[in-house]
K.L.:
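Here it is, the structure, as structure tokens.
Chain A is the first sequence line, chain B the second, and so forth, proteins listed ahead of strands; every chain is numbered from 1. Please read all numbers here as calculations on a predicted model, not as lab measurements.
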Protein chains: 2
Amino acid sequence: MSEGRTRRRGKDLLDAIYTAAIEETAESGPARLTMDAIAKRAATARTTLYRRWSDPLDLLLDALAEHHPVETPAPGADDLRGDLIAALRLMVDWGFSPAGRAVMAVLTDPARDPAVVEALWERVFRKRGGTFTQTVLRHYAATGAVDPARLTPVVLDIGEAMVTKRILDTGRAPDDDYLAAIVDQAVLPALALPQRNT
Amino acid sequence: MSEGRTRRRGKDLLDAIYTAAIEETAESGPARLTMDAIAKRAATARTTLYRRWSDPLDLLLDALAEHHPVETPAPGADDLRGDLIAALRLMVDWGFSPAGRAVMAVLTDPARDPAVVEALWERVFRKRGGTFTQTVLRHYAATGAVDPARLTPVVLDIGEAMVTKRILDTGRAPDDDYLAAIVDQAVLPALALPQRNT
DNA sequence: ACGATAAGATACACGACTGTACCTAACATC
DNA sequence: GATGTTAGGTACAGTCGTGTATCTTATCGT
């Protein structure tokens, strides 16, 4: 923390390395991830990295596991539609953070290692309680506003799937109007609820 | 074609190079695609590649444009549900072909060039008439079986989005039961049609 | 204040891929 | 059958990343 420090150690250094690895992956993907690039971006020596990790991917997994600013949607009182939109907004915001883009890049790598995918689910996603709209839907099922029998794996994933596809197609973050359209035209109909025409 | 040939030329050679590039990309992704690997897989010399292309990605785009075995769904007489499932089946089969996996890999590359994405849409997708379920839905809208007002961009993309997400999550091709669940639980409800309970 | 630890820096040999140059021989055309 | 074209092969210098070794010195713990 002090200004006179010329050498970082411990947490300071680790944080610099972790954000370097995540940003590098978010920009270039795991295939182009090198120890060299991480070291340069973190302004440290490659030898420092090899002291702890043997592999860029190994390093990246530690970075993603340690870096957990994934908000959980907090369903409000009685606004299913609004809460669903808010959950998707959370998902979009996360997906466009460096960590989110890095995770996406790892998951979509054609040369991905199934063990790595499993490790990601275990270390990153399982910390939260399932996916984004899932949390909201289960909440309203508990209150009786939604028929629990409707919450099949397919239905629980509609919102996330539509957002993911949109991001893949356009490469940009969907705006609130599009998220509302997803909720009104795809998610709510699958719950067999009357739709709102905004 | 003749057996005695020791040197390929023209179409024979081009086909070998194109399939080599596509298979290489499907396995390793565009980030790891090198002139060297393509040349080795096609059993030709690197100099031959440089004579025509300056870049592995340049070569790949030509390969994908030339390689168009993308079937178009042919809607039957009066079976919306069955035709939707069949359309999704076509999509899955294509998505797991080398060409499909190569296209997916290019589109999900975080370092993707927007110009390349545009070129892909222009040279590969636009040859067909839109996406898979789109063709079916527009057909039944024309016959009056589906309300044309329901065919918003969001609704037209539900099937594709669900399949894409499923493939990303599991890395494997969804079976027919899952495709039927997508149609029954997500696509048909969005069309405001009575659902079938298989 | 001192000793242990580890960050920072430099150097090295190795391998992979690049882009070009150059040569040869097979193929197509007339 | 002669000729132009082009695939196939070899060679080369240059760049980038790897993994290891070695040295220094800043920082921490006691």
Side-chain angles (χ1 to χ4, degrees), chain A residues 1-63 66 102 105-106 109-111 113, chain B residues 1-25 27-63 66 105-106 109-111 113:
Chain A
M1 296 296 172
S2 58
E3 287 300 312
R5 287 270 256 286
T6 64
R7 250 179 225 192
R8 297 159 299 176
R9 288 174 78 109
K11 191 171 184 319
D12 279 356
L13 179 61
L14 272 183
D15 281 351
I17 293 173
Y18 284 161
T19 64
I22 288 174
E23 286 175 359
E24 201 69 27
T25 310
E27 287 174 20
S28 311
R32 296 183 185 86
L33 189 64
T34 65
M35 288 297 218
D36 216 43
I38 299 172
K40 275 185 182 123
R41 190 185 278 254
T44 187
R46 243 175 39 248
T47 38
T48 306
L49 302 185
Y50 278 110
R51 228 167 255 139
R52 296 176 208 245
W53 303 278
S54 58
D55 201 290
L57 200 54
D58 201 34
L59 197 168
L60 177 66
L61 285 182
D62 276 1
E66 206 63 23
V106 171
D109 185 3
D113 179 357
Chain B
M1 297 296 174
S2 59
E3 286 301 310
R5 285 269 256 287
T6 64
R7 251 181 222 191
R8 298 159 299 177
R9 290 174 75 109
K11 191 172 183 321
D12 278 356
L13 179 61
L14 272 184
D15 282 350
I17 293 173
Y18 284 161
T19 63
I22 288 173
E23 287 175 358
E24 200 69 27
T25 310
E27 289 175 17
S28 311
R32 296 183 186 86
L33 189 64
T34 66
M35 288 297 218
D36 216 42
I38 298 172
K40 275 187 184 119
R41 190 185 277 254
T44 186
R46 244 174 39 247
T47 38
T48 306
L49 303 185
Y50 279 110
R51 251 191 286 275
R52 295 177 209 245
W53 303 278
S54 58
D55 202 288
L57 199 54
D58 201 33
L59 196 170
L60 177 67
L61 285 182
D62 276 2
E66 207 63 23
V106 172
D109 184 2
D113 179 356

K.L.:
Between CG of A:Asp109 and OG of B:Ser28, what distance do you get to the nearest 0.5 Å?
P.N.:
9.0 Å
K.L.:
For residues A:Ala26 and B:Pro110, report the shortest heavy-atom separation together with the two atoms involved.
P.N.:
O-CB, 3.4 Å
K.L.:
Let me spell it out: for each of B:Gly10 and A:Ala37, pick the nucleotide of DNA chain D with the closest heavy atom. Which residue's pick is nearer the 5' end?
P.N.:
B:Gly10
K.L.:
Between protein and nucleic acid, restricted to nucleotides 9-16 of chain C and to nitrogen or oxygen atoms under 3.5 Å apart, what atom pairs and distances do you find?
P.N.:
from  : atom 1 : to      : atom 2 : distance (Å)
C:dA9 : N6     : A:Thr47 : OG1    : 3.1

K.L.:
Taking atom CG of B:Leu57 and atom OG1 of B:Thr25, what is their separation to the nearest 0.5 Å?
P.N.:
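Rounded to the nearest 0.5 Å, the CG-OG1 separation comes to 8.0 Å.
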K.L.:
How would you list, by chain and number, every residue that makes a side chain to side chain donor-acceptor pair (under 3.5 Å) with A:Asp55, sequence neighbours excluded?
P.N.:
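A:Asp55: no side chain to side chain donor-acceptor pair (under 3.5 Å) contacts found.
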K.L.:
Between A:Arg8 and C:dG8, is there a side-chain N or O to OP1/OP2 distance below 4.0 Å?
P.N.:
yes
K.L.:
Mind calculating the distance between OH (B:Tyr50) and P (D:dG9) to the nearest angstrom?
P.N.:
17 Å
K.L.:
Does anything in residues 55-62 of chain B reach DNA chain C, meaning a heavy atom under 4.0 Å, and if so which residues?
P.N.:
none
K.L.:
Using whole Å, what does the distance between atom P of nucleotide C:dG19 and atom CH2 of B:Trp53 come to?
P.N.:
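Spelled out: CH2 on B:Trp53 to P on C:dG19 is 15 Å.
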K.L.:
Just to confirm, is there a sub-4.0 Å distance from OP1 or OP2 of C:dA7 to any side-chain nitrogen or oxygen of A:Arg52?
P.N.:
yes
K.L.:
For B:Met35 versus B:Ser54, what's the shortest heavy-atom pair and its separation?
P.N.:
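Closest pair (atom of B:Met35, atom of B:Ser54, distance): CE-C, 3.9 Å.
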K.L.:
From NZ of B:Lys40 over to C1' of C:dT18, roughly how many Å is that when rounded to an integer?
P.N.:
12 Å
K.L.:
If you look only at pairs with a residue in residues 37-46 of chain B, which of them pass as a salt bridge (Lys or Arg N to Asp or Glu O under 4.0 Å), with sequence neighbours excluded?
P.N.:
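Listed by first then second residue: B:Glu23-B:Arg41, B:Glu24-B:Arg41, B:Glu27-B:Arg41, B:Asp36-B:Lys40, B:Asp36-B:Arg46.
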K.L.:
How close do B:Ala21 and B:Leu59 get, counting heavy atoms only, and between which atoms?
P.N.:
CB-CD2, 3.6 Å
K.L.:
Is the phosphate of D:dG9, meaning OP1 or OP2, less than 4.0 Å from a side-chain N or O of B:Arg7?
P.N.:
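No, no such contact exists.
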K.L.:
For the side chain of B:Met35, starting at C-beta, report the closest nucleotide among C:dA26, C:dA6, C:dT18.
P.N.:
C:dT18
K.L.:
List in chain and number order the residues that pass side-chain contact (heavy atoms from CB on, under 4.5 Å) with A:Ala16, two or more places apart in sequence or in another chain; answer none if no residue qualifies.
P.N.:
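By the side-chain contact (heavy atoms from CB on, under 4.5 Å) rule, A:Ala16 matches A:Arg8.
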K.L.:
Please give, in whole Å, the distance from D:dA21 C1' to A:Leu49 CG?
P.N.:
17 Å
K.L.:
Using the C1' atoms of five pairs at each end, what's the angle between the two axes of the helix from C:dA1-D:dT30 to C:dC30-D:dG1, to 10 degrees?
P.N.:
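The angle, to the nearest 10 degrees, is 30°.
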K.L.:
Could you work out, with side-chain contact (heavy atoms from CB on, under 4.5 Å) as the rule, every residue matching A:Thr47, not counting sequence neighbours?
P.N.:
A:Ala45, A:Arg51
K.L.:
Kindly state which residues belonging to residues 21-33 of chain A come within less than 4.0 angstrom of DNA chain C, counting heavy atoms of the residue only, listed by number.
P.N.:
none
K.L.:
Got B:Thr48 and B:Leu13 here, is their nearest side-chain heavy-atom distance under 4.5 Å?
P.N.:
yes
K.L.:
Check the distance between C:dG8's P and A:Arg9's CZ and give it to me in whole angstrom.
P.N.:
10 Å
K.L.:
Below 4.5 Å, heavy atoms only, C-beta onward: do B:Ile22 and B:Glu66 meet side chain to side chain?
P.N.:
no
K.L.:
Tell me every residue that passes salt bridge (charged side-chain N to carboxylate O under 4.0 Å, His left out) with B:Arg52, counting only those two or more places apart in sequence or in another chain.
P.N.:
none
K.L.:
Could you measure the distance from the OH atom of B:Tyr18 to the CG atom of B:Leu60? Nearest 0.5 Å is fine.
P.N.:
10.5 Å
K.L.:
Does B:Ile38 reach the side chain of B:Trp53, with side-chain heavy atoms less than 4.5 Å apart?
P.N.:
no
K.L.:
Any chance you could measure B:Thr19, atom OG1, to B:Leu14, atom CG, to the nearest 0.5 Å?
P.N.:
10.5 Å
K.L.:
Which residues in residues 13-20 of chain A have at least one heavy atom lying under 4.0 Å from any atom of DNA chain D?
P.N.:
none
